[in-house]
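Following: one structure in structure tokens, then a few remarks.
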Amino acid sequence: MSQNPTKHTKVLIIGSGPAGYTAAVYAARAMLNPILVYGSAPGGQLTTTTDVENYPGFADVIQGPWLMDQMKDQAKAVGTEMIEDHIASVNLKSRPFEAIGDTGQKYTADSIIISTGAQARWLNLKSEQEFRGFGVSACATCDGFFFKNKEVAVVGGGNAAVEEAMFLTKFASKVKLIHRRDNLRAEKMLQKKLMNNKKIEIIWDTVVEDVIGDKEPKNVKGIKIKNLKTNKIEEIKIDGLFVAIGHDPATSLFKDQLKMDNEGYLITKPDSTETNIPGVYAAGDVKDKTFRQAVTAAGMGCMAALEAEKHLSHK
């Protein structure tokens with residue numbers, strides 16, 4: 001295939017979603033002519049969320065995919081060049097920085113904003129994917145509100161699972177925590193709170209085998225669970241299933257070049273989006289495993305663009 005000439009930009013934004021799009025809006029308005037490279041699923045995790053009720057500025061329920069389209073159009077309108085390509089490799093030691101796409105396109109940049117996001121880990125059941133957004137969720141803070149006075153189950157045994165279960169007791173009448181082992185990995189303090197909560201029932205040594213529900217209109221009715229010690233399979237009635245077995249940040253691209261924690265999240269300086277390499281910034285779920293909200297990701301995207309602008313003006 002014929003090789004396109006190298007594309008150079010002052011700001012290369014890798015990844016879309018609220019962080020990438022907001023960074024693009026700020027960088028474009030600062031006359032930096034950013035290039036945003038997005039992969040095959042532009043808009044990230046929000047495109048798998050239907051009803052969004054917690055993004056500031058909208059009194060009515062909005063749709064996640066719509067919000068992402070709006071952000072994308074806004075970034076384009078103020079002068080962002082959008083390119084669909086998947087960045088296959090980066091060299092952060094060279095100046096300017098270099099990135100190569102799957103298309104063979106080479107990009108060079110004076111600064112880079114990384115907003116490649118994260119993905120929730122799923123149980124990988126066909127039925128789970130079928131009911132995603134219709135009673136199956138990976139985010140209690142996003143969707144717990146929809147389960148007022150209903151019965152829900154949470155799968156997992158770490159801090160996230162325990163926190164999700166505790167959070168859901170605000171809305172649900174009953175929360176079943178399903179864990180494949182006979183003890184939790186979560187911190188002892190959290191475990192104590194969990195055990196003291198009358199609304200929570202823990203089902204030990206158990207995995208979810210299947211999600212059961214109606215096809216028209218789509219909604220979850222129950223789950224099939226299997227006890228790993230006895231191999232007994234039973235069905236339990238629930239209205240919602242929350243999968244809390246962790247997230248995977250999309251950072252393999254930056255391995256051995258950028259500092260990350262033991263889970264692969266990029267590490268940035270306090271109160272900053274700057275990574276250990278000056279001129280390289282990280283925003284959104286790729287560095288944030290605490291809040292993971294659209295509004296915090298957007299906020300970090302803004303910070304990253306402002307920090308990149310400052311960095312470029314000092315060069």
Side-chain angles (χ1 to χ4, degrees), residues 1-44 46-47 67-117 249-254 257-258 266 268 273-275 277-287 297-315:
M1 96 180 225
S2 66
Q3 184 57 51
N4 293 339
T6 296
K7 277 185 175 289
H8 179 74
T9 179
K10 292 189 181 105
V11 185
L12 175 66
I13 300 165
I14 305 175
S16 50
Y21 291 145
T22 306
V25 167
Y26 275 81
R29 288 176 54 96
M31 300 301 170
L32 297 172
N33 305 324
I35 290 177
L36 185 150
V37 179
Y38 62 93
S40 53
L46 258 198
T47 56
L67 182 61
M68 289 303 88
D69 287 344
Q70 291 292 308
M71 284 193 192
K72 184 180 185 181
D73 292 348
Q74 185 180 11
K76 254 193 190 144
V78 289
T80 304
E81 186 182 350
M82 300 268 178
I83 299 173
E84 183 174 351
D85 193 0
H86 179 265
I87 300 293
S89 67
V90 293
N91 180 353
L92 304 178
K93 292 187 177 64
S94 73
R95 292 290 180 277
F97 304 119
E98 290 174 1
I100 313 274
D102 275 349
T103 55
Q105 177 67 57
K106 184 175 173 184
Y107 306 87
T108 58
D110 299 324
S111 68
I112 292 181
I113 295 172
I114 300 163
S115 48
T116 46
T251 53
S252 52
L253 189 57
F254 310 103
Q257 298 194 69
L258 292 176
L266 296 179
T268 57
T273 64
E274 190 176 55
T275 64
I277 297 181
V280 180
Y281 306 90
D285 285 18
V286 76
K287 65 140 284 186
M300 279 180 260
C302 160
M303 288 164 65
L306 295 176
E307 288 186 289
E309 181 189 9
K310 195 173 176 185
H311 171 80
L312 295 168
S313 70
H314 288 305
K315 277 183 64 161

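Reckoned from all heavy atoms, side chains included, excluding hydrogens, waters and symmetry mates. Nothing here was measured: the structure is a model prediction, and the numbers come from that model.
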Could you list the residues that satisfy salt bridge (charged side-chain N to carboxylate O under 4.0 Å, His left out) with [X], not counting sequence neighbours?
{"X": "Glu98", "value": "Lys106"}
{"X": "Glu274", "value": "Lys269"}
{"X": "Lys10", "value": "none"}

Can you tell me how far the [atom1] atom of [X] sits from the [atom2] atom of [Y], to the nearest 0.5 Å?
{"X": "Ile112", "Y": "Ile35", "atom1": "CD1", "atom2": "CD1", "result": "11.5 Å"}
{"X": "Ile113", "Y": "Ile13", "atom1": "CD1", "atom2": "CD1", "result": "5.0 Å"}
{"X": "Leu12", "Y": "Leu32", "atom1": "CG", "atom2": "CG", "result": "13.0 Å"}
{"X": "Thr103", "Y": "His86", "atom1": "OG1", "atom2": "NE2", "result": "11.5 Å"}
{"X": "Ile87", "Y": "Tyr107", "atom1": "CD1", "atom2": "OH", "result": "5.0 Å"}
{"X": "Ile114", "Y": "Leu92", "atom1": "CD1", "atom2": "CG", "result": "6.5 Å"}

Could you check if a side-chain atom of [X] sits within less than 4.5 angstrom of a side-chain atom of [Y], using non-hydrogen atoms only?
{"X": "Pro249", "Y": "Leu266", "answer": "no"}
{"X": "Ser16", "Y": "Met68", "answer": "no"}
{"X": "Phe97", "Y": "Val90", "answer": "no"}
{"X": "Leu258", "Y": "Thr251", "answer": "no"}
{"X": "Met82", "Y": "Tyr38", "answer": "yes"}
{"X": "Phe254", "Y": "Val280", "answer": "no"}

Those residues that, when tested against Gln257, pass side-chain hydrogen bond (donor to acceptor under 3.5 Å, both in side chains) (two or more places apart):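 Once residues adjacent in sequence are excluded, Gln257 has no partner under the side-chain hydrogen bond (donor to acceptor under 3.5 Å, both in side chains) criterion.
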Can you name the side-chain hydrogen bond (donor to acceptor under 3.5 Å, both in side chains) partners of Thr268, sequence neighbours left out? Lys287
Minimum heavy-atom distance between [X] and [Y], given as atom pair plus value:
{"X": "Thr47", "Y": "Pro42", "value": "CG2-O, 3.3 Å"}
{"X": "Tyr281", "Y": "Ala304", "value": "CB-CB, 4.0 Å"}
{"X": "Ser111", "Y": "Ala308", "value": "OG-CB, 3.9 Å"}
{"X": "Pro96", "Y": "Thr108", "value": "CG-CB, 3.9 Å"}
{"X": "Ala28", "Y": "Thr80", "value": "CB-OG1, 3.8 Å"}
{"X": "Ala24", "Y": "Leu36", "value": "CB-CD1, 4.0 Å"}

Would the distance check show the side chain of Ser115 and the main-chain N or O of Gly15 forming a donor-acceptor pair, the cut-off being under 3.5 Å?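 Yes, because the side chain of Ser115 sits within donor-acceptor range (under 3.5 Å) of the backbone of Gly15.
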Side chain of Asp85, backbone of Asp102: donor and acceptor closer than 3.5 Å?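 Flag set: sc Asp85 to bb Asp102 pair under 3.5 Å.
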Does anything in residues 300-309 pair up under salt bridge (charged side-chain N to carboxylate O under 4.0 Å, His left out), and if so which pairs, sequence neighbours excluded?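 Passing the test, one end in residues 300-309: no pairs.
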Would you please test Gln105 and Val37 for side-chain contact (heavy atoms from CB on, under 4.5 Å) and show each step? CA-CA 11 Å; Gln105 177 67 57; Val37 179; over 6 Å; no
Is atom NE2 of His8 surrounded by more than 12 heavy atoms (other residues, nucleotides or ligands) closer than 6.0 Å?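 More than 12 within 6.0 Å, yes.
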